[in-house]
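Beneath this line is the structure, given in structure tokens, with notes to follow.
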Amino acid sequence: MNLFVANISPTVNEGALKALFETFGKTSSVKIVVDKYTGESKGFGFVDMLDDRDAMEAMDKLSNVSFFGKNLVVSKARPKTSSIL
DNA sequence: CCTGAGCGC
């Protein structure tokens, strides 16, 4: 399950985020979104977990908890913005 | 920045 993680502190990198979610289960990929042009973190990212139960567990346990000074907000990711609609 | 990412030599 792909999870959307918002309100990520700039001090958090993908490795730290992955380690955090790995405490609940296997993560297949972690992505922190950075601005294409400025290279700065947008403050949100995505964590793809192999097991849906672990994903929901992580979503529940990590939502609104302080991580590096910011309260994480975890929810199910939506499909990436499509150009076609 | 609460929903990303790769179109060039």
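Throughout, a chain's letter reflects where its sequence line sits, starting with A, and its residues are numbered from 1.
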Atom [atom1] of [X] to atom [atom2] of [N]: distance rounded to whole Å?
X: A:Met59; N: B:dT3; atom1: CE; atom2: C1'; value: 13 Å
X: A:Leu72; N: B:dT3; atom1: CG; atom2: P; value: 16 Å
X: A:Tyr37; N: B:dG4; atom1: OH; atom2: P; value: 13 Å
X: A:Met1; N: B:dT3; atom1: CE; atom2: C1'; value: 15 Å
X: A:Leu3; N: B:dT3; atom1: CG; atom2: P; value: 15 Å
X: A:Asn64; N: B:dC2; atom1: CG; atom2: P; value: 14 Å
X: A:Glu14; N: B:dG4; atom1: CD; atom2: P; value: 16 Å
X: A:Phe46; N: B:dG4; atom1: CZ; atom2: P; value: 6 Å

- Item | Pairwise P distance for B:dA5 and B:dC1, with rounding to whole Å | 15 Å

Q) Would you say a side-chain N or O of A:Ser41 is under 4.0 Å from OP1 or OP2 of B:dC1? A) no

Exercise. If only atom types and distance count, is the side chain of A:Asn71 paired as donor or acceptor with the main-chain N or O of A:Ser66 below 3.5 Å?
Worked result: yes

Closer than 3.5 angstrom, by distance alone: can the side chain of A:Thr23 be matched with the main-chain N or O of A:Leu20 as a donor-acceptor pair?
yes

Among B:dC2, B:dC1, B:dG4, the one nearest any side-chain atom of A:Ala6 is B:dC2

The nucleotide from B:dG4, B:dC1, B:dT3 with an atom nearest the side chain of A:Asp35 is B:dC1

Note: for A:Lys36 and A:Asn7 on DNA chain B, the residue whose nearest nucleotide lies more 5' is A:Asn7

Is the base of B:dA5 touched by the side chain of A:Lys80 through a donor-acceptor pair closer than 3.5 angstrom?
-> yes

What I want to check is whether an N or O donor and acceptor connect the side chain of A:Asp48 with the base of B:dG4 at under 3.5 Å. no

Are A:Glu57 and A:Arg53 close enough for a salt bridge, meaning some N to O gap below 4.0 Å?
no

- Query: Is the aromatic ring of A:Phe44 within stacking range of B:dG4, meaning centres under 5.5 angstrom and planes under 30 degrees?
  - Reply: no

dist A:Met59:CE -> A:Phe24:CZ (nearest 0.5 Å) comes out at 12.0 Å

When rounded to the nearest 0.5 Å, the distance separating OG1 of A:Thr27 from CE of A:Met1 is 15.0 Å

What does A:Lys76 touch in the nucleic acid at a heavy-atom separation under 4.0 angstrom: a base, only the sugar-phosphate, or nothing?
base

